[in-house]
J.: 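Before anything else, here's the structure in question.
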Amino acid sequence: MFFFRMIFRSFSRQFKRRLLIAVTVCLSATVSVAMLGVVFDVGDKLNAELSTYGSNITVQPKADAVVNDLYNTGGDANSNASGTSESDPTTFLKESDAPKIKTIFWAFNITNFAPELNIHADVNCASESVDSRSCKASGVPIVGTWFAKTLHMDSGESTVAGMNGMRSWWKLDGSWPKDDSAQGLIGTTLASKLGVTKGDTVTLYKTTADGSRNKQRITITGIYDSGDSDNNAMYIPSSTTQVLANLPDSIDKIEVKALTTPDNDLARKASKNPNALTQDEWETWYCTAYPSSIAYQIEEVIPGSVAKQVRQVAALQGDVLQKTQAVMVLMTVLSLVAAAIAVANLMAASIGERGSELALLKAIGATDGAVSRLMLAETAVISLVGAIVGALLGSGVAQIVGHVVFGSGITMRPMVFVLVFVLLTLTVLIASFSSIRSILGLKPAEVLHGR
């Protein structure tokens, strides 16, 4: 009872100083919980944020992949026939194999994908509102693809895949075409060159490999602005493109958007040669959502394919994630250091002011250990109250950061609170150590006589 009475008396004195300790610990806990909460959840948030800017894995026929590696013509994942090459592909994958991407181990991490058939065709306008004499172009890049195709899987589930979700940054004037229709989108540069607007009809002419001349009328449902050379192209349904080019069930590329874990040493080793991994390394790599492991699993289900991660996107994800986590961990460390310094100074001042009280306790028989425990208990109770309030505030701050930066809340893991309380406990103990040592040097006779 004596011990608890002394704690109560200590709380009634020097209220402002105790309040400052509580506020200091509260602020440190707030910053630590908020920053560490974001650190543990920022990986998925960044992946989701960066995935809105296009695919991070591309799938090609093996022959094309070998040529790209030899001549360094792999290009960007979001590039297509609108690039510098005007030659049509000569090797293909089967469009009917594309849905198999959703059957791999990491199927739920595949958020979207779209097959492409990139060809070139001649364009003539077929609308009375457009001057047909000026509305002509040769070798126009045509991308046959899916826009929002509903796929019914063997498992009984359904999924929607296509460019509607792959090109979220496009500025579209009009509406998306329907799949398996005679509709299409045209880039702003090509539309300006031809003088067409949404609602107009153009005719595509394509000389096929057997020498026949096919044509297809396309109704323009929208004009898009991609912000790059893609504005020179036209997007139409893949089935329409295959009929125009006489290439049934053929595609030359699949863009895949997947939620991935940033590469580490294991992932980089596996990307060079998966066969060089040990059994344990193989299982860890295969069962982790690295870009290289997802790409490998895609190759397993798409015959004759090579799947590659887009290095620029993968590097950006890892680099941004590491820098973001480093900044937040640094802020956490600085808040803990600041709390340690503040608590140490406040405790030293408190002990200095309460020297006569502590000396009296020692004079009536209290040991150095008992007085030290008294001060530690008092500081612990104050710090615990501050830490609890700070943890609640930190959770709220983390949600604000999540909604402002990523547009969604932060998932607060129990590990965050455990880690913060452990760190704060160590911080308070370290801060109290130097102050507690001064108690051992108190001599009751000298203090009580004012010396």
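Because only heavy atoms are used, hydrogens play no part in the values below, and waters and symmetry mates are left out as well, while side chains stay in. What you are looking at is a predicted structure, and each value in this text was computed from that prediction instead of being measured.
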J.: If you count every heavy atom of other residues, nucleotides or ligands that lies below 6.0 Å from Phe105 atom CZ, does the total exceed 12?
T.: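 Enclosed: over 12 neighbouring heavy atoms sit under 6.0 Å from CZ of Phe105.
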J.: Find out whether Tyr224 and Asn231 are in side-chain contact, i.e. whether some heavy atom of one side chain is under 4.5 Å from a heavy atom of the other.
T.: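 In short, these two side chains touch, coming nearer than 4.5 Å.
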J.: Flag the pair Glu157 and Lys102 as a salt bridge only when some basic side-chain nitrogen lies within less than 4.0 angstrom of an acidic carboxylate oxygen.
T.: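 No, no charged N to carboxylate O under 4.0 Å.
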J.: Could you grab the distance from atom CG of Leu172 to atom CZ of Arg167, nearest 0.5 Å is fine?
T.: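 Answer rounded to 0.5 Å: 13.0 Å.
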J.: Can you check whether Val420 reaches Leu36 side chain to side chain, under 4.5 Å on heavy atoms?
T.: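 Yes. Closest side-chain heavy atoms under 4.5 Å.
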J.: If we ignore hydrogens and angles and just use 3.5 Å, is the side chain of Ser305 paired with the main-chain N or O of Val59 as donor and acceptor?
T.: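 No, Ser305 side chain to Val59 backbone: no donor-acceptor pair under 3.5 Å.
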J.: Measure the shortest side-chain to side-chain distance between Tyr286 and Pro274 over non-hydrogen atoms and say whether it is less than 4.5 angstrom.
T.: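 They are not in side-chain contact.
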J.: Quick check against the 3.5 Å criterion: does Thr425 have a side-chain atom that pairs as donor or acceptor with the backbone of Phe421?
T.: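 Confirmed, Thr425 side chain pairs with Phe421 backbone.
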J.: Report the C-alpha distance between Thr197 and Asp200 in whole Å, list the side-chain angles of each, state the deciding distance to 0.1 Å, and finish with yes or no for side-chain hydrogen bond (donor to acceptor under 3.5 Å, both in side chains).
T.: CA-CA 6 Å; Thr197 61; Asp200 288 340; 3.2 Å; yes
J.: Please check this pair: side chain of Glu299 against backbone of Ala307, looking for a donor-acceptor N/O pair closer than 3.5 Å.
T.: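 Looks like yes, one N/O pair under 3.5 Å.
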J.: Do the side chains of Lys269 and Leu277 get nearer than 4.5 Å, heavy atoms only?
T.: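 Counting from C-beta outward, Leu277 and Lys269 do come under 4.5 Å.
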J.: Minimum heavy-atom separation for Val397 to Ala34, with atom names?
T.: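 Where Val397 meets Ala34 most closely, the heavy atoms are CG1-CB, 3.7 Å.
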J.: Does the pair Glu95 and Ser238 meet the rule for a side-chain hydrogen bond (donor to acceptor under 3.5 Å, both in side chains), with working shown?
T.: CA-CA 9 Å; Glu95 183 183 37; Ser238 59; 2.5 Å; yes
J.: Could you check whether any side-chain heavy atom of Leu204 comes within less than 4.5 Å of a side-chain heavy atom of Thr241, counting everything from C-beta outward?
T.: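 A side-chain contact under 4.5 Å is absent here.
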J.: For Val25 versus Ser383, what's the shortest heavy-atom pair and its separation?
T.: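 The answer is CG1-O, 3.4 Å.
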J.: Would you find a donor on one side and an acceptor on the other, under 3.5 Å apart, between the side chain of Asn109 and the backbone of Trp106?
T.: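 Not confirmed, Asn109 side chain does not pair with Trp106 backbone.
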J.: Hey, could you give me the CD1/CD1 distance between Ile294 and Ile110, rounded to the nearest 0.5 Å?
T.: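 Reported value, rounded in 0.5 Å steps: 5.0 Å.
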J.: I'd like to know if the side chain of Thr332 reaches the main chain of Met328, judged simply by a donor and an acceptor atom lying under 3.5 Å from each other, with no hydrogens or angles considered.
T.: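 Looks like yes, one N/O pair under 3.5 Å.
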J.: Mark yes or no for whether Lys149, through its side chain, and Thr159, through its backbone, hold a donor-acceptor pair below 3.5 Å.
T.: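 The answer is no, because no donor-acceptor pair under 3.5 Å joins these two groups.
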J.: Check for a donor-acceptor pair, side chain of Ser395 on one end and backbone N or O of Ala391 on the other, with a separation under 3.5 Å.
T.: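 A pair under 3.5 Å: yes.
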J.: Begin from the C-alpha positions of Leu194 and Lys136 and carry the test side chain to side chain contact (heavy atoms under 4.5 Å, CB included) through to its verdict.
T.: CA-CA 7 Å; Leu194 297 176; Lys136 293 182 179 180; 5.9 Å; no
J.: Write down the atom of Gly162, the atom of Asn112, and the distance for their closest heavy-atom approach.
T.: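 Heavy atoms only, the tightest pair is N-OD1, 3.0 Å.
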J.: Short question: side chain of Asp252, backbone of Asn118 - any donor-acceptor pair under 3.5 Å?
T.: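 Answer holds: yes.
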J.: For Phe147 and Trp176, take the angle between the two ring planes, folded into 0 to 90°, and tell me which bin it lands in: parallel under 30, tilted 30 to 60, perpendicular over 60.
T.: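 It falls in the tilted class, 30° to 60°.
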J.: Would you please test Tyr235 and Ile186 for side chain to side chain contact (heavy atoms under 4.5 Å, CB included) and show each step?
T.: CA-CA 6 Å; Tyr235 281 73; Ile186 189 170; over 6 Å; no
J.: If you measure from CD on Gln183 to OG on Ser175, what distance do you get to the nearest 0.5 Å?
T.: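 The OG atom of Ser175 is 7.0 Å from CD of Gln183, to the nearest 0.5 Å.
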J.: If only atom types and distance count, is the side chain of Gln309 paired as donor or acceptor with the main-chain N or O of Pro291 below 3.5 Å?
T.: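 Flag not set: sc Gln309 to bb Pro291 has no pair under 3.5 Å.
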J.: Is Lys206 paired with Asp122 through a side-chain N to carboxylate O contact shorter than 4.0 Å?
T.: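 A salt bridge is absent here (no side-chain N lies under 4.0 Å from a carboxylate O).
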J.: Under 3.5 Å, is there a donor-acceptor pair linking the side chains of Trp285 and Ser292?
T.: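 Yes, a side-chain donor-acceptor pair sits under 3.5 Å.
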J.: Regarding Asp280 and Thr278, do their side chains bring together a donor and an acceptor under 3.5 Å, going by distance alone?
T.: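 No - no donor-acceptor pair under 3.5 Å links their side chains.
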J.: Parallel, tilted or perpendicular: which fits the ring planes of Trp282 and Tyr296, with parallel below 30° and perpendicular above 60°?
T.: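 Taking Tyr296 first and then Trp282, their aromatic rings stand perpendicular (interplane angle over 60°).
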J.: Heavy-atom distance under 4.5 Å between the side chains of Pro237 and Thr240, does that happen here?
T.: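 Side-chain contact under 4.5 Å: yes.
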J.: Could you grab the distance from atom OG1 of Thr201 to atom CG of Asn124, nearest 0.5 Å is fine?
T.: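 So the OG1 of Thr201 and the CG of Asn124 are separated by 13.0 Å.
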J.: Looking only at atom types and distance, does a side-chain atom of Asp88 sit under 3.5 Å from a main-chain N or O of His120, one as donor and one as acceptor?
T.: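 Flag set: sc Asp88 to bb His120 pair under 3.5 Å.
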J.: Of all heavy-atom pairs between Met234 and Leu185, which one has the smallest distance, and what is that distance?
T.: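 Scanning both residues completely, I find the closest heavy atoms to be CG-O, 3.1 Å.
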J.: Take Trp146 and Ile251 through the side chain to side chain contact (heavy atoms under 4.5 Å, CB included) test and state the conclusion after the steps.
T.: CA-CA 11 Å; Trp146 297 346; Ile251 54 174; over 6 Å; no
J.: Does any non-hydrogen side-chain atom of Thr111 lie less than 4.5 Å from one of Leu259?
T.: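 Yes, close enough: below the 4.5 Å cut-off.
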J.: Assess whether side chain to side chain contact (heavy atoms under 4.5 Å, CB included) is satisfied between Leu266 and Glu281, documenting all intermediate values.
T.: CA-CA 7 Å; Leu266 175 60; Glu281 288 176 334; 3.8 Å; yes
J.: Using 0.5 Å steps for rounding, measure from the CD atom of Glu283 to the OG1 atom of Thr288.
T.: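 Interatomic distance, Glu283 CD to Thr288 OG1, rounded to 0.5 Å: 11.0 Å.
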J.: Quick one: pull up CG in Asp173 and OG1 in Thr188 and give me the separation to the nearest 0.5 Å.
T.: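 Interatomic distance, Asp173 CG to Thr188 OG1, rounded to 0.5 Å: 10.5 Å.
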J.: What is the minimum heavy-atom distance between Pro99 and Phe113, and which atoms define it?
T.: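 Heavy atoms only, the tightest pair is CA-CZ, 4.1 Å.
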J.: How close do Leu244 and Asn214 get, heavy atom to heavy atom, and via which atoms?
T.: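 Looking at all heavy atoms of both residues, the shortest contact is O-ND2, 3.1 Å.
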J.: How about Tyr205 and Arg213: do any of their side-chain heavy atoms sit closer than 4.5 Å?
T.: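 Of all side-chain heavy-atom pairs linking Arg213 with Tyr205, at least one is under 4.5 Å.
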J.: May I ask you to check whether over 12 heavy atoms, not counting those of Met153, lie within 6.0 Å of atom CE?
T.: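 Counting neighbours around CE of Met153, more than 12 heavy atoms of other residues, nucleotides or ligands fall under 6.0 Å, so yes.
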